[in-house]
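See structure below.
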Amino acid sequence: MIRVKLGAKELKVKKGTNLSALFENRNIFAALVDGELVDLSAKLEKSCEVMPVDFSSELGKKIYWHSTAHIMAMAVKSLFPEAKLAIGPAIDQGFYYDFDWKFSTEDLPRIEARMKEIIKKDIPFERLIMKKEAVSEFFNRLNEIYKVELTRDIEDDEVSLYKNGEFVDLCRGPHVPSTGVIKAFKLLSIAGAYWRGDVNKPMLARIYGISFPTKKELDVYLKRLEQAKMRDHRKLGQDLELFSIFEPAGPGLIYWQPKGSIIKRLIEEYWIKEHINAGYQVVSTPHIARKELWQISGHYDYYKENMFTLNVEKEEYILKPMNCPGHILLYKSRLRSYKELPLRYAELGTVYRNELSGTLHGLLRVRGITIDDAHIFCRPDQIEDELCNVLDLAQKILGRYGFEKFQVDLSVRDPKNREKYLGSDEDWQRAEQGLISALKRVGLNYQRKEGEAVFYGPKIDIKLLDAIGREWQTTTIQFDFNLPARFQIEYVDKDGKSKLVTVIHRAIYGSIERFMGCLIEHYAGAFPLWLAPIQIEVMPITSKQNRYAEQVYKRCKRHRLRVKLNDRSDKINYRIREAEVNKVPYILVVGAREVQRKTVSVRKRGRGDMGEMKLKEFFSLIDAEKGGED
RNA sequence: GCCGGGAUAGCUCAGCGGUAGAGCAGGGGUUUUGUAAACCUCAGGUCGGGGGUUCGAAUCCCUUUCCCGGCUCCA
């Protein structure tokens with residue numbers, strides 16, 4: 001007999017008992033045995049602690065989705081026996097499977113139908129352990145070249161496989177006990193994906209899907225996806241007339257409509273104010289420069305595919321893809337003393353990058369990028385304080401928009417591949433140490449990502465999520481071990497000797513375009529009062545109140561509010577609906593009663609009628625809401 | 001850039017070999033309205049561009065531009 005701890009209970013069972021015997025609850029489909037994730041078919045060989053796994057946990061979801069991916073692969077193989085299997089993992093939201101095959105969207109319903117049959121048959125998932133060579137041979141015989149390659153890369157001598165009837169897949173597992181466990185699923189899309197994420201390897205077809213233990217959960221999920229589309233910045237950008245992209249003008253280039261320009265200007269003004277307070281100096285640099293500048297910086301050799309070039313009187317000019325060289329020229333315009341450091345140059349600099357056409361995406365990925373850039377030139381002993389200041393500033397600025405939770409990544413070198421990177425070990429260690437202690441000092445949790453650093457230095461990135469949960473990098477703080485040496489950026493130290501400065505690149509919004517995109521989705525177009533393009537709409541109920549309405553309108557204007565007078569002859573209900581659809585924060589309705597009592601009726605967006613008040617009262621109400629911003 | 005799917009009025013979409021349609025938005029009128037859609041009327045399109053097949057193409061084929069979902073890349 002062995003002892004099994006199961007939650008608060010302790011059971012005594014026979015050695016070799018099937019794990020599934022412990023659970024009556026049919027929703028449990030896997031378990032953690034002493035922390036190791038296993039199938040329910042696993043046998044208990046020694047005393048241990050068992051934790052049931054169902055769909056409620058992250059682990060459970062992954063197993064459930066992964067099993068669904070296997071079922072999809074089974075369906076695909078039975079419909080298209082020639083399709084070759086690649087990989088099929090669970091992801092954060094669902095699963096995918098890559099096949100070497102050409103699918104069209106019409107295939108999805110057929111695959112779904114076949115999956116339903118497989119689920120109905122309730123075929124068990126059986127775990128097999130085989131010698132690596134035997135597995136390799138097995139897949140070779142089936143002409144599953146990708147599986148052969150995967151098997152070859154496994155370090156263990158023994159390999160696990162999962163078998164459902166005739167279908168066998170290389171897999172670490174675990175899985176749900178049988179196909180019937182999957183109750184509700186949906187295949188969502190087909191997309192291309194390079195084998196092993198490598199551009200030089202074959203392009204495979206990836207099918208994405210999702211599954212849930214109940215139809216209801218699936219429906220809720222699909223409905224949420226549908227609703228998320230309603231806050232897509234591209235849709236809202238058009239509906240609310242914030243920005244446009246024009247085909248004849250070129251892809252990835254943003255034309256800001258008047259309303260979008262108001263918001264853009266406000267977030268820029270706020271940014272400038274905070275940066276001046278934080279000791280930055282605002283500078284401005286041209287959009288083009290001779291190619292020599294980019295040869296010195298190294299961009300001409302290493303960033304060429306991304307740069308737009310111009311011919312000017314037989315000379316080559318480059319449309320700037322980055323602001324750094326410009327800021328460096330400003331720094332180098334005279335000798336710098338250690339006493340001047342840190343020197344912080346900030347610029348809302350628009351750069352142009354020839355991003356791959358297939359990657360362009362609304363405001364979130366464009367070719368004309370306004371970076372809220374700054375370069376900090378400092379001494380090594382100032383690094384940590386400077387980093388803390390940047391992180392504090394980032395939190396303050398992002399917090400102003402209600403972004404309080406975000407993902408923070410610390411990207412460092414790939415330890416196995418040190419030759420790839422510029423700079424000494426000492427540089428990297430000091431920089432990384434500085435980044436870590438700064439993160440700790442300001443109390444930010446972060447994920448360490450090895451191999452994610454750029455070649456010239458380690459960095460911290462902050463990522464925001466869009467409406468459907470995709471991550472977009474905004475804030476970035478990067479060390480640069482490349483440019484100081486290339487440009488000989490120096491300062492005269494206490495001892496009279498010239499020394500290389502440390503350069504930190506940093507952006508907080510990341511780019512104005514991307515940040516605007518994130519903001520639109522974050523607020524679902526309902527901008528807070530201080531950002532709303534139109535803050536107030538004044539509406540007389542009938543034309544008899546037009547004069548009074550105009551007085552109200554003028555007083556609002558004088559109070560420096562962005563106000564619109566809507567005295568069209570449409571019914572008041574119609575105009576109110578229109579303003580609500582346009583997400584105007586406040587409506588002031590004036591009818592005969594308000595004229596008589598010298599008041600306004602206030603209606604707040606999303607909340608409805610707040611009743612009558614004096615205009616003065618209304619002003620103090622919204623002044624408080626604006627939070628002191630003007 | 002690569003794979004798959006798209007593009008019809010300002011917007012959302014129907015039409016899918018036989019005379020280009022609807023709703024909303026827009027113009028003109030009527031209505032004078034009390035907190036999310038009053039009524040009438042008018043106008044609006046080389047069906048993304050180019051080429052082809054056909055007696056005839058929005059519809060079928062090729063090509064090109066752009067968009068969407070991914071991959072890769074990145075602010």
Side-chain angles (χ1 to χ4, degrees), chain A residues 96 98 101-108 188-208 229 232 234-235 238-239 241 245-252 305-306 321-322 351 353-366 369-373 454 461-464 468 470 472-476 478 505-515 517-518 539-546 567-582 587-594 601-612:
Chain A
Y96 68 77
D98 286 349
W101 188 249
K102 295 249 180 288
F103 293 104
S104 84
T105 34
E106 283 102 68
D107 293 328
L108 290 186
L188 299 168
S189 61
I190 304 176
Y194 298 107
W195 169 235
R196 302 204 139 177
D198 186 337
V199 193
N200 303 309
K201 296 204 161 103
M203 173 66 67
L204 307 173
R206 175 171 297 179
I207 303 179
Y208 285 90
K229 282 187 196 148
D232 188 313
R234 292 164 302 187
K235 179 175 167 48
Q238 183 172 68
D239 291 352
E241 294 192 285
I245 299 169
F246 299 107
E247 183 176 336
E305 307 92 75
N306 286 293
M322 296 189 186
V351 301
R353 298 182 187 168
N354 186 10
E355 302 290 347
L356 293 178
S357 59
T359 64
L360 301 176
H361 185 98
L363 292 176
L364 298 176
R365 192 159 175 86
V366 294
I369 309 163
T370 306
I371 303 181
D372 64 316
D373 219 345
V454 268
D461 293 323
I462 294 181
K463 289 169 179 168
L464 302 179
I468 60 171
R470 289 177 291 210
W472 295 94
Q473 183 186 314
T474 52
T475 303
T476 185
Q478 311 185 346
H505 308 264
R506 40 108 295 166
I508 291 177
Y509 293 142
S511 82
I512 299 295
E513 292 79 10
R514 178 173 290 178
F515 191 75
C518 289
M539 298 178 190
I541 287 176
T542 76
S543 54
K544 291 198 183 84
Q545 292 88 42
N546 278 3
D567 56 3
R568 293 191 352 191
S569 71
D570 298 302
K571 287 186 71 171
I572 190 75
N573 291 10
Y574 181 86
R575 282 175 283 158
I576 284 173
R577 179 188 144 79
E578 202 177 37
E580 288 278 350
V581 167
N582 287 321
I587 298 170
L588 300 182
V589 176
V590 293
R593 207 165 58 218
E594 287 79 7
S601 276
V602 177
R603 183 188 164 103
K604 187 169 175 156
R605 174 182 66 200
R607 218 171 284 179
D609 196 349
M610 294 174 75
E612 243 180 290

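Letters A, B, ... mirror the listed sequences (proteins, then strands); counts begin at 1.
A distance of about 11 Å separates the P atoms of B:rC61 and B:rG6, rounded to the whole Å. B:rU8 and B:rC47 have their P atoms separated by 12 Å, with the value rounded to a whole Å. Spacing of C1' atoms, B:rC13 relative to B:rA58, comes out at 15 Å, to the nearest Å. Annotation: B:rC60 and B:rA43 have their C1' atoms spaced 34 Å apart (nearest Å). Distance noted for atom P between B:rC73 and B:rG15: 41 Å (whole Å). The separation of B:rC24 from B:rG1, taken at their C1' atoms, amounts to 39 Å, rounded to a whole angstrom. Between the P atoms of B:rG48 and B:rG29, the separation comes to 35 Å (whole Å). For the P atom pair drawn from B:rU63 and B:rG4, the interatomic distance equals 12 Å after rounding to whole Å.
Taking a pair to require two hydrogen-bonding distances under 3.5 Å in either a Watson-Crick or a G-U wobble arrangement, B:rU32 remains unpaired. Across all strands shown, B:rG18 pairs with B:rC55; the Watson-Crick or G-U wobble distances both stay below 3.5 Å. Using the Watson-Crick or G-U wobble rule with both distances under 3.5 Å, B:rG69 pairs with B:rC3.
Nucleic acid contact for A:R605: none, since no nucleic acid atom lies under 4.0 Å from a heavy atom of the residue. A:T370 comes within contact range of no nucleotide atom at all, as no heavy-atom separation falls under 4.0 Å. At a threshold of 4.0 angstrom between heavy atoms, the contacts of A:V366 include nucleobase atoms, whether or not backbone atoms are also involved. In this structure, A:T359 reaches the bases: a heavy-atom distance under 4.0 Å links it to at least one base atom across the strands shown. In this structure, A:S569 reaches the bases: a heavy-atom distance under 4.0 Å links it to at least one base atom across the strands shown. Across all strands, A:Q473 comes closer than 4.0 Å only to sugar-phosphate atoms, never to a base (heavy-atom distances). Residue A:R568 is classed as a sugar-phosphate contact, given heavy-atom separations below 4.0 Å to backbone atoms only. Using a 4.0 Å heavy-atom cutoff across all strands shown, A:V199 reaches sugar-phosphate atoms only and no base atom. Among the atoms of the strands shown, only primed sugar atoms or phosphate atoms (P, OP1, OP2) are found under 4.0 Å from some heavy atom of A:R234. Residue A:G591 is in base contact, counting any heavy-atom pair closer than 4.0 Å across all strands shown. Counting non-hydrogen atoms under 4.0 angstrom, A:S357 reaches a base of the nucleic acid. Base contact: A:D609 has a heavy atom under 4.0 Å from a base atom. Here A:E513 lies out of heavy-atom contact (under 4.0 Å) with every strand. Across all strands shown, A:I572 has heavy atoms under 4.0 Å from sugar-phosphate atoms exclusively, and none from any base.
For A:E580, the side-chain contact (heavy atoms from CB on, under 4.5 Å) partners at least two apart in sequence or on another chain are A:I576, A:R603, A:R605. Under the rule for a side chain to side chain donor-acceptor pair (under 3.5 Å), A:D609 has no partner lying at least two apart in sequence or in another chain. Annotation: side chain to side chain donor-acceptor pair (under 3.5 Å) contacts of A:T542 (sequence neighbours excluded): A:Q545. Not counting sequence neighbours, the partners of A:K463 by the side chain to side chain donor-acceptor pair (under 3.5 Å) test are A:D409. Residues meeting the side-chain contact (heavy atoms from CB on, under 4.5 Å) test with A:N354, sequence neighbours left out: A:F308, A:R367.
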Under the side chain to side chain donor-acceptor pair (under 3.5 Å) rule, what do A:E594 and A:S601 come out as? Steps first, then yes or no, please. CA-CA 7 Å; A:E594 287 79 7; A:S601 276; 2.6 Å; yes
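You'll find the side chain of A:I207 reaches within 4.5 Å of the side chain of A:F103, heavy atoms only. In this structure, the side chains of A:L464 and A:F515 come closer than 4.5 Å at one or more pairs of heavy atoms.
Mapping A:N573 and A:L364 onto RNA chain B by nearest heavy atom places A:N573 closer to the 5' end of the strand. With RNA chain B read from its 5' end, the first of the two nearest nucleotides for A:K544 and A:I371 is the one closest to A:K544.
Bracketed by its first and final contacts, the part of RNA chain B lying under 4.0 Å from non-hydrogen atoms of chain A reaches from B:rG1 to B:rA75 in 5' to 3' order.
A:R514 places a side-chain N or O within donor-acceptor distance of the main-chain N or O of A:L364, the cut-off being under 3.5 Å.
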